[in-house]
Enquirer: 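Just dropping this structure here.
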Amino acid sequence: MNTTSLAAESADVPVTAPAPAPAQSARSLLKQLQQQFPAFRDCLPLAIGIDKQLLARVPGLDRKTMRAALGIHTGSLRYLRAMEKATVRYDLDGVAGAEVTDVHRTHAKETLQQRFKKEAERKKAERDAAQADEANRLRQEKLLQLASKFSRNG
C-alpha cells in the first residue's frame with residue numbers, strides 16, 4: 001500500500017485501534033503530526049510535556065515511534081533555529097504557553113554551532129581528499145609520460 005492511499009484512509013477514518021500505529025514509521029508519523037497540529041506544521045517551540053498531549057489526543061499512538069518522531073522534529077535545523085530565537089513554547093494547537101528558558105535557547109544555539117562545525121569539517125575533508133586524488137592522478141600521469149619517453153629512447 002502506498003503512502004498516498006494511507007494518507008487518504010487516515011483522513012477519512014479515525015484511528016481507534018492501536019494495531020496500525022506500531023507499523024508506522026517515525027517519519028510518516030511526523031508528517032501526520034505536521035498535517036494535524038499547528039505547532040508541528042509551523043515548527044513552533046513545543047511545550048514541555050508535548051508527548052503527554054500527543055498520547056491523549058492521538059489514539060493508539062506507539063510511544064517509541066512518537067519519541068523517534070519528536071527526536072527527528074526537535075533535532076531539525078528549522079526547529080533548532082526557531083528555538084534559538086524563541087521566547088514562548090506552544091501546545092499542539094499553537095496556543096502560547098510557558099516561556100523558553102535561556103538554557104534551552106543556548107542549547108539550541110550550541111547544537112546548531114556543533115552541527116555547522118561538523119559539516120564544515122566534513123566538507124574540508126572531502127576537499128582535501130579530492131585535492132589529494134587529483135595530485136595523485138597528475139603524479140601518475142607524469143610518471144606514465146616519463147616512462148613512455150624513456151622506453152621509446154631505450
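This chain uses plain numbering: 1 for the first residue, then up along the sequence. Computed from a predicted structure; not experimentally measured. These values consider heavy atoms only, across backbone and side chains, with no hydrogens, waters or symmetry-generated copies.
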Enquirer: Under the salt bridge (Lys or Arg N to Asp or Glu O under 4.0 Å) rule, what pairs show up with a residue in residues 31-42, not counting sequence neighbours?
Expert: none
Enquirer: Output the distance between atom CZ (R89) and atom CD1 (I48), rounded to the nearest 0.5 Å.
Expert: 3.5 Å
Enquirer: Can you list every pair that meets salt bridge (Lys or Arg N to Asp or Glu O under 4.0 Å) and has a residue in residues 101-116, with sequence neighbours left out?
Expert: D102-R105
Enquirer: Can you give the donor-acceptor pairs under 3.5 Å from side chains of residues 51-60 to other protein atoms, not counting sequence neighbours?
Expert:
{"residue": "Q53", "atom": "OE1", "partner": "L92", "partner atom": "N", "Å": "3.3"}
{"residue": "R57", "atom": "NH1", "partner": "D93", "partner atom": "OD2", "Å": "3.1"}
{"residue": "R57", "atom": "NH2", "partner": "D93", "partner atom": "OD1", "Å": "2.9"}

Enquirer: Can you list the residues that meet the salt bridge (Lys or Arg N to Asp or Glu O under 4.0 Å) rule with K124, with sequence neighbours excluded?
Expert: D128
Enquirer: Quick one: list whatever passes side chain to side chain donor-acceptor pair (under 3.5 Å) with E99, sequence neighbours left out.
Expert: none
Enquirer: In chain order, what residues pass the side chain to side chain donor-acceptor pair (under 3.5 Å) check against R27, with sequence neighbours excluded?
Expert: none
Enquirer: Tell me, please, which residues at least two apart from T101 pass side chain to side chain donor-acceptor pair (under 3.5 Å).
Expert: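 With neighbours one apart ignored, the set is H104.
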Enquirer: Which pairs would a plain distance check flag for residues 132-140, meaning a side-chain donor or acceptor within less than 3.5 Å of a matching protein atom at least two apart in sequence or in another chain?
Expert:
{"residue": "E134", "atom": "OE1", "partner": "R137", "partner atom": "NE", "Å": "3.1"}
{"residue": "E134", "atom": "OE2", "partner": "R137", "partner atom": "NH2", "Å": "2.8"}
{"residue": "N136", "atom": "OD1", "partner": "R139", "partner atom": "NH1", "Å": "3.3"}
{"residue": "R137", "atom": "NH1", "partner": "E141", "partner atom": "OE1", "Å": "2.9"}

Enquirer: Can a donor-acceptor pair be found between the side chains of S25 and S28 at a distance below 3.5 Å?
Expert: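 Result is yes, a qualifying pair exists.
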Enquirer: Nearest 0.5 Å, what's the CE-CD1 distance between M66 and I50?
Expert: 10.5 Å
Enquirer: Going by side chain to side chain donor-acceptor pair (under 3.5 Å), name the residues that satisfy it together with E119, two or more places apart in sequence or in a different chain.
Expert: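 In terms of side chain to side chain donor-acceptor pair (under 3.5 Å), with neighbours along the sequence ignored, E119 is linked to R122.
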Enquirer: Do Y79 and L44 have side-chain heavy atoms sitting under 4.5 Å apart?
Expert: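 SC-SC contact between Y79 and L44 ruled out.
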Enquirer: Is L77 isolated, or which residues cluster with it under the ILVMFWY side-chain rule of less than 4.5 Å, directly or via members?
Expert: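 Reading the cluster by chain and number, L77 sits alongside L80, L112, F116.
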Enquirer: Would you check if K123 and R127 make a side-chain contact, meaning some heavy-atom pair closer than 4.5 Å?
Expert: yes
Enquirer: Under 3.5 Å, which donor-acceptor pairs link side chains of residues 67-74 to any protein atom two or more places apart or in another chain?
Expert:
{"residue": "T74", "atom": "OG1", "partner": "L70", "partner atom": "O", "Å": "2.8"}

Enquirer: Not counting sequence neighbours, which residues clear ring-ring contact (aromatic ring centres under 6.0 Å, His included) with Y90? List them please.
Expert: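 Counting only residues at least two positions away or on another chain, Y90 forms no ring-ring contact (aromatic ring centres under 6.0 Å, His included).
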